[in-house]
Amino acid sequence: MSQKPEDFFKNIISHCKEYGYIFPSSEIYDGLSAVYDYGQYGAELKKNLREYWWKAMVQMHENIVGIDAAIFMHPTTWKASGHVDAFNDPLIDNKDSKKRYRADVLIEEHVAKIEDKINKEVEKAAKRFENFDAAMFKSTNARVKEYQDKIDNINTRFKTALNENNLAEVKQIIVDCEIVCPISGSRNWTDVRQFNLMFSTSMGSVAEEGNLIYLRPETAQGIFVNYLNVQKTGRMKIPFGIAQTGKAFRNEIVARQFIFRMREFEQMEMQFFVKPGTEMQWYEYWKTARLKWHNSLGLGNDNYRYHDHLKLAHYANAACDIEFKFPFGFKELEGIHSRTDFDLKQHEQYSGKKLQYFDPEENKSYVPYVVETSVGLDRLFLSILSAGYKEEPLEGGDTRTVLSLPPALAPIKCAIFPLVKKDGLPELAEKIVKELRMDHNVIMDEKDTVGKRYRRQDAIGTPYCITVDHQSLEDQTVTIRDRDTMKQDRVKIADLSKILDEKVSWKSLLKHLA
RNA sequence: GCGGAAGUAGCUCAAUUGGUAGAGCUCCAGCCUUCCAAGCUGGAGGUUGCGGGUUCGAGACCCGUCUUCCGCUCCA
């Protein structure tokens, strides 16, 4: 394939829309930026991915249980987690360099520069005088006092402006201080805008300040606030994990690349509670375990790599991503973070409740450390599609479009075709459909030539096609065709159920994890 | 948010200097039927992303707006 990567990506997006995988949200109203809906096949694939993750996490680990916390949480949750502060940035753009800065950082840097000047004055003076008293010098030297007044003035104004949420004043400070863009050197600034990455709404009928609540920007906090409930009612012993899947919401400044970065997205995460001091070995354990899980999907182990974080978030003492080779390059698919006891300690402080675990082996109580694995379901979905979407050249110059989805995850497991629409073949096909339908998502198709029907199923990723022909009437056998190899086997109708069970079972994936 | 490109049927795309919106595939009904998509007949599907403007007349020109893609930027 000599296609450009961006064309390839565009084709995937088109394919998703054409075959009922993903539609732009509210498309008849021109869509909503960075919001997408899953269609009839997309919903199935997404559900299957979620189920495989859940089985691998909860069903396969006796010390991991799952919960389903609400999207709405007490507002103090987000103060404790640090999101209220960390997700609130006043931003400003320089119109000439097109660079964006945090307004507070610009002002702080400006203040730091003035402080440097003071320090230089002090240094100079120190060289001139013996028995130099720096404090005395600072409080008496006119030039230093002038600088110090400036700093105090700026800080006071800035503090007031932030408290009053007065963004115009923040800009005025930047203008008054004659702060220039480090790149362009110009003072051609846009207005200051507040970017709050959390969506907010109000609870109750009266929209008052006190009723402001947020749509959760991550699902993790729902686990942290429930960890003792689960530990006590489930009689969990450390180390143990709590898993959860659910929607989270972030008001991204720029949300792009199809379903890779959406404003509403679904996370699948597991918080693993461990004894302090053992967190690094569990961090390594989950790094390995999660990569193994991804590899079990069979998309190609070369498509994954680790990316260790050098700059760590405020809550973490180690962090890495599992990246996937998307059509637009290696990008984060899953994060594995050693979150320490930061979150639980914060919640202890803000709630005033003890969140300690009594360790019977040690005979003492402590706040556990947490190792987190968090994968984006939508990104996972995209990884499956990017690796599975193929435009395959065939003999005779033809190409076929095929979605090579892992069979256990495919929306439709099997399609049943009567070779022709007469001689009792449709009736026999119907009978097979009714039998297989009890266990699997199957469909029947009798329109158009059989070759065309194969191609239709290839395009939606159906792994198997069963064709009922004239021989079927005589000896009760049918052909079963494999999507990827296009090879056919003749098998007994009576064996179909068993054959299909084996090919598309969860076991076919889960066995790779053992 | 900035810059570039684009938006016409479900999909891929046409439509001369502004002059009747079209094709192929798809879809539906029927005929035929030979195991890897393009056999025959008929049919459905469009306020050309949306809103203004210029014009006798706009898919095309102008303004605004929305969405998407690419590059910057951002990503606790």
Side-chain angles (χ1 to χ4, degrees), chain A residues 4-7 9-20 23-36 39 78 81-89 91-102 183 190-191 193 195-198 217-218 220 250-258 260-261 309 311-316 319 327-328 331-332 335 337 342 392 394-396 398-402 417-423 425 446-459 465-472 478-483 485-488 490:
Chain A
K4 283 189 247 167
E6 58 258 38
D7 286 341
F9 189 42
K10 272 184 184 173
N11 289 352
I12 291 176
I13 296 169
S14 287
H15 192 84
C16 281
K17 198 194 156 194
E18 185 169 2
Y19 289 94
F23 309 121
S25 162
S26 341
E27 197 187 6
I28 61 168
Y29 294 107
D30 292 328
L32 187 61
S33 185
V35 185
Y36 290 90
W78 307 113
S81 70
H83 286 84
V84 170
D85 292 331
F87 267 28
N88 264 303
D89 294 334
L91 298 181
I92 189 166
D93 291 340
N94 183 272
K95 289 179 188 168
D96 298 314
S97 65
K98 315 285 185 209
K99 295 286 171 188
R100 171 170 293 164
Y101 301 92
R102 279 175 53 174
I183 307 285
T190 62
D191 286 341
R193 283 160 310 220
F195 282 94
N196 189 342
L197 254 52
M198 284 196 290
E218 65 172 22
R250 290 183 197 177
N251 196 7
E252 301 281 356
I253 301 165
V254 175
R256 285 249 185 96
Q257 282 162 325
F258 197 39
F260 182 80
R261 177 166 291 131
H309 287 204
K311 248 177 75 184
L312 296 171
H314 59 273
Y315 52 71
F328 39 85
K331 297 278 177 178
E332 179 185 358
H337 297 177
F342 176 85
E392 234 175 48
L394 296 178
E395 292 168 31
D398 227 7
T399 62
R400 70 163 186 156
T401 305
V402 53
F417 308 145
L419 185 60
V420 293
K421 220 187 317 184
K422 60 177 187 182
D423 303 334
L425 298 187
E446 51 182 16
K447 178 101 170 91
D448 297 314
T449 64
V450 74
K452 205 166 190 174
R453 284 179 268 171
Y454 286 142
R455 297 298 174 83
R456 268 207 286 267
Q457 296 305 318
D458 289 342
C465 292
I466 291 168
T467 302
V468 176
D469 56 16
H470 290 94
Q471 189 183 333
S472 307
V478 291
T479 61
I480 181 162
R481 178 246 196 201
D482 183 279
R483 175 196 61 204
T485 63
M486 305 197 335
K487 293 233 172 69
Q488 288 178 292
R490 187 163 279 277

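At least one side-chain nitrogen or oxygen of A/Ser14 sits closer than 4.0 Å to the OP1 or OP2 atom of B/U12. Considering only side-chain N and O atoms, A/Arg455 lies nowhere under 4.0 angstrom from the phosphate OP1 or OP2 of B/U26. At least one side-chain nitrogen or oxygen of A/Lys452 sits closer than 4.0 Å to the OP1 or OP2 atom of B/U26.
Residue A/Lys421 is classed as a base contact, given a heavy-atom separation below 4.0 Å to a base.
Shown here, B/A23 forms a base pair with B/U12; the pair counts as Watson-Crick or G-U wobble because both key distances fall under 3.5 Å. Partner assigned to B/C61 is B/G53, using Watson-Crick or G-U wobble distances below 3.5 angstrom. Judged by Watson-Crick or G-U wobble contacts below 3.5 Å, the nucleotide B/U47 has no partner. Across all strands shown, B/A76 forms no Watson-Crick or G-U wobble pair with both distances under 3.5 Å. Pairing of B/C40, defined by two Watson-Crick or G-U wobble distances under 3.5 Å, is identified with B/G30.
A donor and an acceptor atom never sit less than 3.5 Å apart when one is taken from the side chain of A/Arg453 and the other from the base of B/C36. Taking only distance into account, the side chain of A/Arg481 meets the base of B/C36 through a donor-acceptor pair shorter than 3.5 Å.
Between B/A76, B/C35, B/G10, one nucleotide has an atom nearer to the side chain of A/Lys17 than all others, and that is B/G10. Nearest to the side chain of A/Asp469, among B/A76, B/C69, B/C35, sits B/C35.
Atom CZ of A/Arg261 and atom C1' of B/A76 are 13 Å apart (whole Å).
Considering only heavy atoms from C-beta on, A/Ile12 comes within 4.5 Å of A/Pro327 through its side chain.
Under a 3.5 Å cut-off, the side chain of A/His15 and the backbone N or O of A/Thr401 do not form any donor-acceptor pair.
Comparing A/Lys422 and A/Glu18, the nucleotide of RNA chain B nearest to each residue sits closer to the 5' end for A/Glu18.
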